[in-house]
Amino acid sequence: MSNPPHVIIIGAGSTGSATAHDLALRGLSVTVVERGEIASGTTGRNHCLLHSGGRYCVNDKEGAIECIEENLILRRIMPHALEMNDGLFVALDDEDYAFQEDFLAGCEECHIPAREIPVKQALEIEPFLNPKIKAAVQVPDGVFEPWRFCTSFLATAKKNGATIRNFTEVSDLVFQGSAVAGIQVFDHRTGKTETIGADMVVNATGSWAGIIAEMAHVNVPVAPTAGVMVTIGTRLNNMVINRMHKPHDGDIVVPVRNTSIIGTTSWRVTSPDAIEIPQDQIDKMMHAGELLIPSIKAGRQRGVMAVARPLIASANVDARDFSRTFEAFNHRKQGGAAGIITISGGKTTTARGMAEKVSDVVCAELGISVECKTKTTPLVSYRDFYN
Amino acid sequence: MNLYRPELKRFRFLRWFDFRSWRLGMLAYILNRVTAIGLVVYLYLHLAVLFLLAQGPSGWDPFIQIARTPWFLMLDVILLAGLLIHGLNGLRVALTGFGYGVRSQKPLFIALMIFAAIVLAVGVFKMFMG
Amino acid sequence: MSLQVTLKILRSRPHQEQRYDTFDVTVPDAANVLDAIEQAWAHHDRDLMFRHACHHASCGTCAVRINGREKLPCIAPVKDYDGGEIKIEPLRNFPIVGDLVVDVAPFFQNQEASDFIITRPTENELDGKAIAHTQGLDPESAPTVPFNRFENCVECGICLSACPTMSADYKFFGPAGLAAIKRQLDKTTDANEREKLLHLADDEHGVWRCHSAWECTEACPQSVFPAESIMALRKEINAQRFKKFFRL
Ligand SMILES: Cc1cc2nc3c(=O)[nH]c(=O)nc-3n(C[C@H](O)[C@H](O)[C@H](O)COP(=O)(O)OP(=O)(O)OC[C@H]3O[C@@H](n4cnc5c(N)ncnc54)[C@H](O)[C@@H]3O)c2cc1C
Ligand code: SF4
């Protein structure tokens with residue numbers, strides 16, 4: 001084992017980026033390889049919502065608590081890369097209104113600061129909101145920008161000695177006996193294939209995790225489910241507007257910069273690469289958005305995007321490690337190859353927390369014990385990634 | 001010719017002439033540069049002609065003969081056009097350059113060029129008919 | 001319904017001759033050019049290098065030239081090109097890394113030099129409607145904080161590619177960089193910081209290098225109006241000099 005141990009992270013989405021930062025801060029030698037641009041996978045194309053947990057506080061309390069904790073940490077460590085404008089949960093009909101009680105109770109239980117505000121005041125702050133709303137609750141949602149989110153983590157990792165290689169695609173794994181001892185990569189810039197040795201490989205390729213896992217002769221059954229989002233060419237809301245009911249298709253309008261993004265649906269796809277967007281999904285989305293903000297109907301559609309969630313199909317419960325809110329596999333413990341750990345799922349909001357947990361496992365496997373300091377370490381500017 | 005070869009280096013400015021990317025502002029920019037070169041060339045020619053003057057009527061009169069031909073008058077038209085375009089556009093550049101009329105730089109350019117065209121038309125009429 | 005398009009993409013690598021490759025792809029009606037490029041990558045050539053992340057004009061990574069014009073392909077509908085051939089080339093005035101990928105490092109270093117922060121206080125900008133000054137709910141410290149939002153500039157580099165001065169002077173600070181200085185100047189009241197920013201702009205390769213082609217403002221996909229910022233900076237610098245000269 002090299003000193004400090006060398007860890008390779010495959011995939012520079014939110015999970016891989018945060019993990020790179022965590023391990024570099026712990027003093028390990030880190031290399032990140034990403035086949036394309038930073039955040040060109042699921043992370044780039046997500047809904048940009050920095051969850052307060054409100055969306056999950058009734059159905060998935062564990063997830064909600066994780067969200068609010070990470071939300072507060074991110075506000076401290078990357079304040080410059082966030083729009084911190086809160087979110088509004090609005091009740092559109094009687095059914096939604098009846099749900100409010102559960103919702104407020106859920107928020108309280110999960111320690112999510114929530115404040116009921118009079119409809120009149122809500123409409124003052126959000127003049128484009130459906131005037132027929134019956135109730136509104138303010139929660140500390142926020143908006144992040146996926147690419148700058150990842151590059152902030154990577155810039156900080158780089159400052160702490162990590163090497164980041166984009167446009168470098170993993171084509172195979174290198175074995176020593178039955179254990180993974182490195183990777184074989186194809187560098188698109190130079191057209192050369194090379195091998196990089198490692199003491200541990202972290203597979204953070206999200207929807208593509210199954211392909212890398214296959215190279216390690218282990219099975220990670222990924223079932224990519226796509227979601228579509230529609231961007232409106234004007235900003236129609238200050239805060240994130242959520243519909244106050246159980247999570248459903250198209251019930252959130254996220255404002256980013258000078259646009260509003262409506263999302264999202266879900267349908268099964270066969271491959272996570274270059275998803276084609278069915279028109280009926282777009283129509284569905286527009287309709288759901290119009291219920292919250294009627295002006296969306298007249299708005300100019302500026303962009304449409306779809307991307308796959310890295311859901312693990314029929315995950316066998318024993319195979320799950322450390323948390324229920326995302327999937328992480330220490331393949332050695334399941335009788336598979338040593339030297340590789342797969343992490344997938346979760347949310348961008350909780351990326352730092354996921355990184356902390358996977359880094360703890362990496363360190364344990366390597367037999368070292370260093371404390372995680374990412375909770376309190378402010379990130380450097382994302383532009384330092386290019387320094 | 002491929003204007004985007006990496007080896008182009010010092011001649012990258014040739015990319016100005018990729019007409020696919022031309023818009024009004026770019027056109028004005030290129031016109032200003034081309035007319036500027038034209039005017040500089042003219043200044044030297046002018047000096048050469050003045051030199052003829054120093055040689056007395058023997059050098060000057062044949063020149064005036066040539067200068068009266070329609071072909072030569074055409075050159076005068078080009079000169080006048082260059083002067084008008086460069087001068088008037090220069091006015092716009094100076095104004096906007098100090099922060100005035102920034103929002104209306106495009107209409108300003110069009111208006112000035114229409115004005116230039118009118119003056120040019122009058123000038124041509126005078127030259128050939130007057 | 002779907003559209004058939006032919007993409008003609010300029011391919012370059014340090015170890016290869018430059019060439020145009022043609023890809024026939026089929027995309028849904030609602031697709032943008034970036035989706036078509038991604039299809040070409042997914043189904044025809046996995047070695048095609050291009051940058052992309054958000055697909056909704058927020059990250060600024062995907063900027064290329066489509067038929068000679070600088071565009072964000074993520075918001076350029078394929079429909080607009082009417083089934084014809086679409087020629088895609090990397091941005092100009094940047095060193096090429098490979099295919100459609102250019103080296104944006106010097107650009108980002110400039111942006112950093114201006115201390116440009118990508119968030120700013122909300123300025124009643126909801127589609128022209130004025131909003132009451134609102135307060136957010138900060139769970140941590142003060143009970144109320146003002147709303148903020150991201151700056152319009154996505155740092156895509158399109159204005160640098162469209163700028164004719166940029167192709168003559170590589171040291172030019174560039175439209176986006178100068179616009180960033182102006183934005184930062186508006187946000188700060190600190191005298192030292194203002195002095196530093198004006199000093200940065202008042203340079204041979206700063207505001208004085210601009211020769212009024214207005215291409216940056218025309219090409220900018222985000223209505224940043226960089227040229228106007230440059231002119232406003234000049235005005236400010238001149239006013240400052242005037243005051244100094246007459247000891248006002
Ligand atoms: C529609 C939708 C909306 C969402 N909205 C939100 C939201 O609002 N807020 C939130 O917090 N979360 C949201 N999420 C969840 C979040 O986006 C994902 O959980 C998160 O982005 C996963 O990140 P990741 O790093 O695991 O995967 P990815 O971002 O997919 O990263 C994997 C990376 O690995 C790379 N890769 C793949 N194969 C290779 C290889 N062979 N060699 C090298 N690199 C390789 C890929 O290019 C990719 O960049 C949303 C998800 C979806 C689908
Ligand atoms: S000013 Fe406009 S064109 Fe220039 S980088 Fe910013 S968004 Fe892009």
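Quick note on labels: first sequence line is chain A, next is B, and so on, each numbered from 1.
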Taking the side chain as every heavy atom from C-beta outward, state whether [X] and [Y] have any pair of such atoms under 4.5 Å apart.
X: A:F186; Y: C:R46; result: no
X: C:M49; Y: A:E37; result: no
X: C:I118; Y: A:R383; result: yes
X: C:F150; Y: A:N258; result: no
X: A:E276; Y: C:Q39; result: yes

Please look at [X] and chain A and tell me whether the side chain, the backbone, both or neither of the residue comes under 4.5 angstrom of a heavy atom of that chain.
X: C:H52; answer: both
X: C:E151; answer: backbone
X: C:N32; answer: side chain
X: C:F107; answer: neither
X: C:V101; answer: side chain
X: C:S58; answer: both
X: C:Q111; answer: both

Taking every heavy-atom pair that is under 4.5 Å apart, which of [options] has the most such pairs with chain C?
options: A:I282, A:T190, A:V256; result: A:T190
options: A:Q279, A:R35, A:R45; result: A:R45
options: A:A274, A:A306, A:S260, A:G299; result: A:A274
options: A:N46, A:I261, A:L82; result: A:L82

Under 4.5 Å from any heavy atom of chain C, what part of [X] do you find: side chain, backbone, both or neither?
X: A:T231; answer: side chain
X: A:F149; answer: neither
X: A:F385; answer: neither
X: A:R257; answer: both
X: A:I38; answer: backbone

**Report entry** Derivation of the side chain to side chain donor-acceptor pair (under 3.5 Å) call for A:E83 and C:T119
**Finding:** CA-CA 7 Å; A:E83 278 191 23; C:T119 56; over 6 Å; no
Query raised in the report: Got a sec: does the CD of C:Q16 have more than 12 other heavy atoms crowding it under 6.0 Å?
Result: yes
Query raised in the report: Given the options C:T61, C:L48, C:V97, which has more heavy-atom pairs under 4.5 Å with chain A than any of the others?
Result: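 Most heavy-atom pairs under 4.5 Å with chain A: C:T61.
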Query - chain A contacts, top residue of C:P106, C:A105, C:G98 (heavy-atom pairs, under 4.5 Å) - result: C:A105
Query raised in the report: Is it the case that C:E112 and A:Y382 place a side-chain donor and acceptor less than 3.5 Å from each other?
Result: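 The criterion, which ignores hydrogens and geometry beyond distance, is not satisfied for A:Y382 and C:E112.
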Query raised in the report: Taking the six-membered ring for Trp, are A:Y386 and C:F108 parallel (under 30°), tilted (30 to 60°) or perpendicular (over 60°)?
Result: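 Parallel, since the angle between the ring planes stays under 30°.
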Query raised in the report: How far apart are the closest heavy atoms of C:A57 and A:R302, and which atoms are they?
Result: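 Nearest heavy atoms, C:A57 then A:R302: CB-NH1, 3.6 Å.
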